[in-house]
Amino acid sequence: MDRADCRELDEACPLAECRARFSLPDGVLYFDGNSLGALPGTTSSNIRDLIESEWGEGLIRGWLDAGWFYLARRAGDAIAPLIGASGGEVAVSDSTSVNIFKLAASLLRRAGARRKAIVERGDFPTDAYILEGAVGLLDRGQELIRAEPGGIADRVDRDTALVLLSHVDYRTGELRDMEGLTARCRALGVPVIWDLCHSAGAVEVELNRCRVDYAVGCTYKFLNGGPGSPAFTYVSRDAIGAFEPAVTGWFGHADQFRFEDRYRAADSINKCLVGSPPVLSLRAVLDGVKCFDGVRMDELAGKSRRLSGLFIDLADERLARHGLELATPREPSRRGSQVSFRHPEAYAIAKTLIARGLIPDFRDPDILRFGITPLYMRYVDVWDAVKLVETVMSEGAWREFRTDAREAVT
Ligand SMILES: *Cc1c(COP(=O)(O)O)cnc(C)c1O
């Protein structure tokens, strides 16, 4: 395998043309699209148009004339096919953290005598933080359980009120068995909330087929909605009827503009909405999701696995001897869309690479993470990235970047 082979793979790749849908800076190897997706080519002009024309000239008429009022549902319906959901099952609003609270508080409240809310130790921190808060607020004698990594299935029982788990582990990139765990929990009457932040837009997600009832995920990672863009909430058609919102705002009301004195929940996914939407960001979510037009998720996920497989093969050849230890499963079917390594100096290595135009990220305590974005990443990018990491490691250039202080965002 050499660079020319990678070029050939790019030339033969049916998804290669998708890269042109993005505005990517020259001279940057971007391997952090799993934290913040790249800028779609249409976003700037559409946002400018929204500001100048829809808002500037239309003023408040924009809610109907420009469809701002329906954006949360439009964006949800656009995301639905990417995660194996149906129209009307997804709405976009608030942050992932807040959406976890909204689902968890409601599910915990109707859990009867069941006491355990289970997360996995080492999962993305906000998930457990939010559950901890919800359990405390409800004050029903429920308890947050942190299962061993990979150990949730063994801890679930008839005393379990709720399970919350990421589909892809943000550190190692391990892909969890959504279908198996959901089925096991269902058999015990336990609702599961799947966090899709690290899978939506890069990994095949089949919510309906796996009979998932509840899921959340963000839009600024693989879905390219832009920094801080609002998150999505999915509640299945089967589950939406019995779902009673815990956060009861006017956007979730059955008849919002009647301004009734009492709350009545909408009889649709709208009951997951709370307050006025961030219209500018929601508009950008549509642009981000539009980049997936005509792309089949199984094909895209296949490309992701080929890119990460290439990364792993090259790393075996060139990086292992420099002490970078693969943290991501080798088996393609157990891999999300990233390749992570452990190294005690991972932070300094990440800083060095960024200074040289390759952007990965660092995750505490020792993870160097390379996000794979199959919609706009090329095989040559993987080649060039591994080569640069090899150079930095053999020079020991990261030693200059060693520091005890960490920046506020890593
Ligand atoms: C990125 C990410 C989040 C982010 O939550 P926000 O509320 O949008 O900041 C949550 N969960 C997981 C697993 C993530 O990867």
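The structure presented is a predicted model; accordingly, all values stated were derived computationally and were not measured. Throughout, numbering of the chain's residues begins at 1 and tracks the sequence.
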Residues E148 and R155 bridged, charged N to O under 4.0 Å | no
Looking at W383, is R318 sitting on its ring face, NZ or CZ under 6.0 Å from the six-membered ring centre and within 45 degrees of the normal?
-> yes
Does the pair K271/D267 count as a salt bridge with the N-to-O cut at 4.0 Å?
-> no
Does K387 make a cation-pi contact with F311, if we ask for NZ or CZ under 6.0 Å from the ring centre and within 45° of the axis?
-> no
Stacked cation flag R406 on Y347, 6.0 angstrom / 45 deg = yes
With a 4.0 Å cut-off, would you call R342 and D366 a salt bridge?
-> yes
Below 4.0 angstrom, N of the basic side chain to O of the carboxylate: do E174 and R335 qualify?
-> no
Salt-bridged, D157 to K116, with N to O below 4.0 Å?
-> yes
Does R378 pair with D10 as a salt bridge, N-O distance under 4.0 Å?
-> no
Salt bridge R7-D2, side-chain N to carboxylate O under 4.0 Å | no
Check ion pair D384-R3 (N to O, under 4.0 angstrom) | yes
Taking 4.0 angstrom as the limit, do D177 and R334 come out as a salt bridge?
-> no
Mark yes when over 12 heavy atoms from residues, nucleotides or ligands other than F69 sit less than 6.0 Å from its CZ; otherwise mark no.
-> yes
State plainly whether the residues R121 and D123 are in salt-bridge range, i.e. N to O under 4.0 Å.
-> no
